[in-house]
Student: 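Take this structure, written in structure tokens, and hold onto it; I'll ask about it next.
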Amino acid sequence: MSRKKLLFKAAFLFVLLAGSVAYSVPKALDGIIGEIPPDAEPSLLEASTLFANARVTDNPERSYTGCITAIDGIMKREVSPQTRLRCHYYLAFSHFMNNDYAAAHTQASELLVLALRLYPDNGLVKYTSSLVENIREGEIDSLDDVNISLAAQNQSEAARLGEELKRAEAGK
Amino acid sequence: MKTKFLILMLALLFAVTASALELTASAAAYPVLPVKWEFKEKPFALKQIDGIPFCNGGIFQLRNGKTILTMKPESETVTVSAGRIVVAQIYENTKAVHQLKLEQGALCWQVELTNTSKEEIWLEPSLRLLVKPAEQAEYWNGHSAVPAVKAAVRYNKLDETFPLTALVENRRVLALGSSPEISTSYLESGIDKRLRMYYGTRMVLPPGEKNSFEFIVIPGAGQAGWRDAVQGYYRVFPASVKAKEGVDPRLGSGRYTEALQLGHYSNGFHNSTKSLQAGAAHAGLEWGFGMYHRQGDFYGRRELWDFPMTTGEVKAMENLKKRGAGDRSSFDTYIPERAAMFENADRRANVLMTFYLISYVEKGLAEQLGMSQYIFPEMAGIPAYRRGWGHYYGLVGHVFPWATPYEKLLRRDLTELVRDFDIRAIGYDCFADGDNFNVYRGDLEYYLPGWSYDSEGKYIRRGLAYRHNADFIHSLKKDGQTVGLFGNTQPVAMYGFTPDAYMIEGRIAQHMIGEGRNYVLRKRLYVGHKPLHLHMYTSGFNVSDYLNWENMTEEEIRAGYGDFVRDMLSFCWQFGTIPARQVTMSHMAVYRELPTFLEVTSRGWEPVAGVTVDAAVDTARYGTGVGAVTVLSNRERQSVNVKAVFNSNYLGGGLVLPVDFRGGELTARVSAGQAEFDLTLKPQENKLIQYPVILEDSAPLLVTSRKSGDIDRIVYEFKINASAACETTYQAAAEYEFRITSVTLNGTPVSGPTLNLRAGENILTLEMKSNIFRESPDKYRSFAWDKAAVKADHFIGVMLRDFIEGRLKKMAPADGSPSITVNTAANASDRGITVRGDVLSINGSDEFDAQQMAWALFRYLEYSDPRFSPRFEANYGGSENMRKMLAKAGLAQKVVEDLPPLPGKTILWNSGVGKTTAPQIMSAEDLAKLERLTIPLLSPPVGALDENSPVWEKAVTLPDFKLRSTLADPTQKTEVKIFASDNALYLKIICHEANMDQIACEQTERDGSIWHDDDFEIRLAPGAAPDAVSYPYYTLLFNPKGIQADILQVPKTEVIMNEDGLIGQNYGQAARQAGATGLSWNGDWSVKTRIGKKSWNAIVTIPWKTVGGDGKTGGRICLSRYEKPNTEFTSWPPIPFSTVDQPALFAIWEIK
């Protein structure tokens, strides 16, 4: 397992946890990404709709590629940090579904940096940040360890959800 | 002023403490280097190891196993006292106390971790040494060596892995591992991405609990790379590589062979002839076998005796009785019979019979004793309960063997067994906890330190429980002896050092080539100085698989077989593996070598031979100090000249004076630290060089030595040419049961430890006399044995009478003259065997001592006087091929005498490795004996084929199935009807079963271990010739629920055996290799089953397209059923072997 893949795994762990919230699964990230508030700014609603409608398909309007292009466009606007955070998440997930792991990693990393800035005291954000740091330093060098950690922290549900999402998306 | 003084004192104290953060070894046992270790604080870490330039210190790392984040100590205190550094650290939720000390030059770094929280915590302690390996550096992970730059980041296998790793560079060794006694279920090692050579574990700690782990760091130097690391480990933990103090020497000394099922299979201990056979092979121990009636009731209690048995189980019990393994049907007869068996074995045959144990408990007993919840599958795919292993009756489950009710059972039963029976050792089977074995994740009765975790959660290895079993067994005493432990199968770090002797079940030919040798070596590392018995039958030789004997003449096969026997002896010499009785007594070359072999190897196998040679000669060493012997084995088939240099540092340094152990003249150039000598080794010769004298200091010497003597005395004579006069001290070692009686230098007796060598030639002579044989050999030989009176009022008298009468076929009356007397309370000066007039006296210090002397005398007579020659045993062979090969060579049912090479022609025993002989053709006589089956060609019904389809009325009905091996009728019948169509083969099967509530049916996955369930098996080879004996075939299996497995099995001679001969030795084993053949093949065939009240039935459809051809060319077939409630393995055609994978015997079928 290359270090980059590991880093991606750790950052993506964050994405998956966030994803679990987005799909109304346990509120692991309450206060970070949370449910979309009714008074959310239009850009966030737009990005969320784009992401929710994206599929693994040849139809460019519905594909993740199309979703990425559109959300990239939203990111160029003046949007709130919370919207930007969620867009990074959507992009990370979409790149992942497009099998572009390098781009997914970039987005997940940016997501993490932004989350740290916005929610410096949140335990999960701090933990994920430490995890990434440990991987960068070579203290963590095994994907197995990350899996054990997921299992130990009873967050395998989130990981499994991510896998299910992948399969579900792939099947549509 | 006072305050200032205090501050000054504190500052001074701090300075002293700080400067004292080091440990320095004043001495170390070679090849360990005595070096200085420097440490630093906050956090506490290793700063530097002197003498190991490629290591720049190291750290203790503690990681939270749940978050996998490295933890930092919140506080730390360091104290130094009495050569020990103690560090107390407080981490979040964890307290760590480190204790560091030096042991024989090695750093022992013990850390005790305590959970200070109210939650369960997972921890990953590791020791990480910062290394800068050069390009040529080598890394050994306890299993295999690779260039350090290619070292794995993580290695965590347990099988065949020594608990030590090593980095080797420029004859410097840095070893890192764990101490022999650990309480963990997981070990990992490697060189991490930050270039840290590490060793670590994973621990689960419940609230308030603690556990310890001891890291070992060994700095070394030497000539043998990673083997020097292991050699250092042996020196640091000498007690772990030798038998426990006080264990019966027949088990732990290495001076005896294994009787190999002499007693429990064939009433050997009730039969004096067989007892004497055991003695002739120096047999001293016996691998016991199921010496109880009911598993889990090892003592044998009347109240637990009876349990419901099926008719088949009763039959299986009767079979045990028939083969001499005890009548277990009655409490009143079995218990005294077992007592007599143990007593006779010990007293009459001089065989220590181990009480065989396995942690299985009979199902009913497990329920009764509350063990059901502690049962777990032994291996993946094996049902929780299965038919009794060893007894073949009783449904048994494997219970986690410690901290469960099994612990209480063991404590009670073993204590009482040892108390009430003649039991001095326990044989422990399934003594394995390797990577292929399941871990335990259930409950225990109390916290047992050693839980680890993986992605499925926490677990504990049963290997840890085995260590507790071993510790308990060693706590038992019998007549002042420590009860010993004889272990089987693969050692791993959790318990690998606990047995007092090991056995390796010998597929000897496989062990002798390629990776097989490494397999034995890896096992050997754990065994150390303890005996390693080759639990070996001549059938296990398998020479026929390695020799193109089919195309050879009788003489050529005999030469090839002789080549094998000689190579086997070299193998035994190199790895210290002791051949069992059956092999010794059927091969004269082994029989003749055995006394020398045991005499030398009992000194204890060492991981480093210490001798370097300039030719392709294998080397080994036995012994750690003066008296050690090196073995040089020329495995080539031509003579070889060797220049050998022995590094005397491995024996403690000084000038070693070598002698040829077998008595030839040897000249050596000796200087401090080494002895150099030239040798000529004959083809396949094992040359033994002994080092019985070591001089402390001297100028270089030229030494010519010679050893002479007999059973009563040994003389070493050294002609020493010294370049200058010198005074030196010397050490000399007496041989076992000999004492040094005189030392002379240049004809003058030497009384002290000092020798004054003069310039020029000196003659040093050492004479030793036997403690046992106090007379000259001719006095024993000329004794009137055939007229000697021996009283049988003592067991040793019975033994003597057995021997004399058994060998000479006559025996004088018990009273009269001449006579033999036995004294079991002799003082030291009278001890030994004397002949005074007409009285031969065996004077032992106690009964055991006198008994061993008597057997020493027997063996002397056997080897020296033809009248006492034992009855040697026939080489019966094993596999069909092996027997055919022996028959062709005229060796079947014969004692194998010397089989020298053919003049001018070398026949290597393994010259046929990878042989691709064409399918063999059977003789017309054998062909005529094969069963034949005509299958009607019919049209299957248009709709579904079921049990009631009318077409079955036209199908052919197979003859009755017969039990494998015995060919007897089973209690449970099997009916099979069969017909063919143009597209497929159809079978209707009715497996009658009177015990449907006991059938095994636990497999749920395709290609699972269906054979562990009740199953039906179809072996089919469309197109195979009627007279073929070896061909590929399909095996289709299913259980009563219709779960299928299918295997393509291929003759070993074509595919299965690779150049190292590693993959499987017969068809059955090949099936378990999921490679290109075996289980990876999946056919498109179907089975419908129905489970009834008195049978389970099946309809099977096998399309021709899935097995090739259209069936019309005919082929070969075998149908079999493994019935579990009664343990009946039946087949048609009947197969007179233990496995039905005998394609030569498959029936011939045709379609009409």
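Residue numbers start from 1 in every chain, and the chains themselves are labelled A, B, ... in the order their sequence lines are given, proteins ahead of strands. Reckoned from all heavy atoms, side chains included, excluding hydrogens, waters and symmetry mates.
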Student: Counting only heavy atoms from other residues, nucleotides and ligands, does the tally under 6.0 Å from CZ of A:Arg117 exceed 12?
Tutor: no

Student: Does the pair B:Arg196/A:Glu139 count as a salt bridge with the N-to-O cut at 4.0 Å?
Tutor: yes

Student: Please check if the side chain of B:Arg194 supplies one atom and the backbone of A:Glu137 the other of a donor-acceptor pair under 3.5 Å.
Tutor: yes

Student: How about residues 61-76 of chain B versus chain A: which residues have heavy atoms under 4.5 Å apart?
Tutor: B:Gln61, B:Arg63, B:Gly65, B:Lys66, B:Thr67, B:Ile68, B:Leu69, B:Thr70

Student: For the atom pair CG (A:Asp145) and CZ (B:Arg154), what is the distance rounded to the nearest 0.5 Å?
Tutor: 4.0 Å

